[in-house]
Amino acid sequence: MAFATRVALLWGALWGGRVEWDRESALLVCHGMRAGYGRGGTCVGAVFLTGPVTPGRALADPRRRRALLTHEAVHAEQWRRYGVSFAIRYLVEEVRRPGAANRFEIEAGLSDGGYR
């Protein structure tokens with residue numbers, strides 16, 4: 001297990017998250033966190049960190065859940081490709097081109113990520 005994934009699991013546990021394996025996306029989904037993640041959720045290594053699964057949120061709707069986890073799986077691949085330097089690359093890109101203009105978000109699929 002990669003370093004970033006181990007750190008993310010620890011971080012999620014510290015914020016009260018519960019972990020489940022999503023076979024289709026090959027992601028560990030740490031949901032129910034009180035805080036400690038950005039926007040609707042944050043992918044670190046092979047872990048998607050997010051808040052409670054409540055009505056109206058993407059993870060509560062099967063179709064939106066699949067789209068979101070497909071998007072997050074691309075981010076997990078970006079973590080594999082760049083290693084820990086992905087965190088810095090992403091943050092620099094987010095400062096230069098925030099949100100839907102971020103090239104890493106574009107690569108992950110803006111519609112699947114809820115940007116459109």
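Counting begins at 1 with the first residue of the sequence. Computed over heavy atoms, backbone and side chain alike; hydrogens, waters and symmetry mates excluded. This structure is a prediction, so every number in the text was calculated from the model and none was measured.
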Inset, instruction - Check the pair R57 / T50 against side chain to side chain contact (heavy atoms under 4.5 Å, CB included), numbers first and verdict last. - result: CA-CA 10 Å; R57 297 212 46 209; T50 192; 3.0 Å; yes
Legend entry - side chain to side chain donor-acceptor pair (under 3.5 Å) evaluation trace for Y82 with E77: CA-CA 9 Å; Y82 297 111; E77 175 54 37; over 6 Å; no
Legend entry - CA sep, side-chain torsions, deciding dist, call: F86, F104, ring-ring contact (aromatic ring centres under 6.0 Å, His included): CA-CA 10 Å; F86 177 63; F104 296 112; 5.0 Å; yes
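Linking Ile, Leu, Val, Met, Phe, Trp and Tyr whenever their side-chain heavy atoms come within less than 4.5 Å puts W15 and V47 in one cluster. Grouping the Ile, Leu, Val, Met, Phe, Trp and Tyr side chains by contacts below 4.5 angstrom, directly or via other members, places L91 apart from V95. Y37 and L59 sit in two unconnected hydrophobic clusters of ILVMFWY residues. Membership requires side-chain heavy atoms under 4.5 Å apart, directly or through other members. Placement of L27 and V74 in two distinct hydrophobic clusters is found when ILVMFWY residues are connected by side-chain heavy-atom separations under 4.5 Å, directly or transitively.
The two atoms that bring T54 and A60 nearest to each other are O-CB, 3.3 Å, heavy atoms only. L69 approaches F48 most closely through the heavy-atom pair CD2-CD2, 4.0 Å. Scanning all heavy atoms of the two residues, the minimum distance from T5 to A46 falls at OG1-N, 2.9 Å. Residues G38 and T42 approach most closely at N-OG1, 2.7 Å, considering heavy atoms. Minimum interatomic distance between C43 and E72 (heavy atoms only, all atoms of both residues): CB-OE1, 3.2 Å. W79 approaches A87 most closely through the heavy-atom pair CH2-CB, 3.8 Å.
Taking the charged nitrogens against the carboxylate oxygens, E107 and R81 do have a contact shorter than 4.0 Å, which makes a salt bridge.
A donor-acceptor pair shorter than 3.5 Å cannot be found between the side chains of E93 and N102.
Applying the 6.0 Å contact sphere to CZ of R39 captures more than 12 heavy atoms from other residues, nucleotides or ligands.
For the pair V44/W11, no side-chain contact is recorded, criterion being any heavy-atom separation below 4.5 Å from C-beta on. Side-chain contact check for D112 versus L68: every heavy-atom pair is 4.5 Å or farther apart.
Note on ring orientation: taking the six-membered ring where Trp is involved, the planes of H71 and Y115 are tilted (angle from 30° to 60°).
The distance from atom CD of E24 to atom CZ of R66, rounded to the nearest 0.5 Å, is 4.0 Å. The distance from the CZ atom of R18 to the CD atom of E20 is 9.0 Å, given to the nearest 0.5 Å. The structure places CZ of R80 at 12.5 Å from NE2 of H75, a figure rounded to the nearest 0.5 Å.
Remark: side-chain polar atoms of R116 are not paired, donor with acceptor, to backbone N or O of A100 under 3.5 angstrom.
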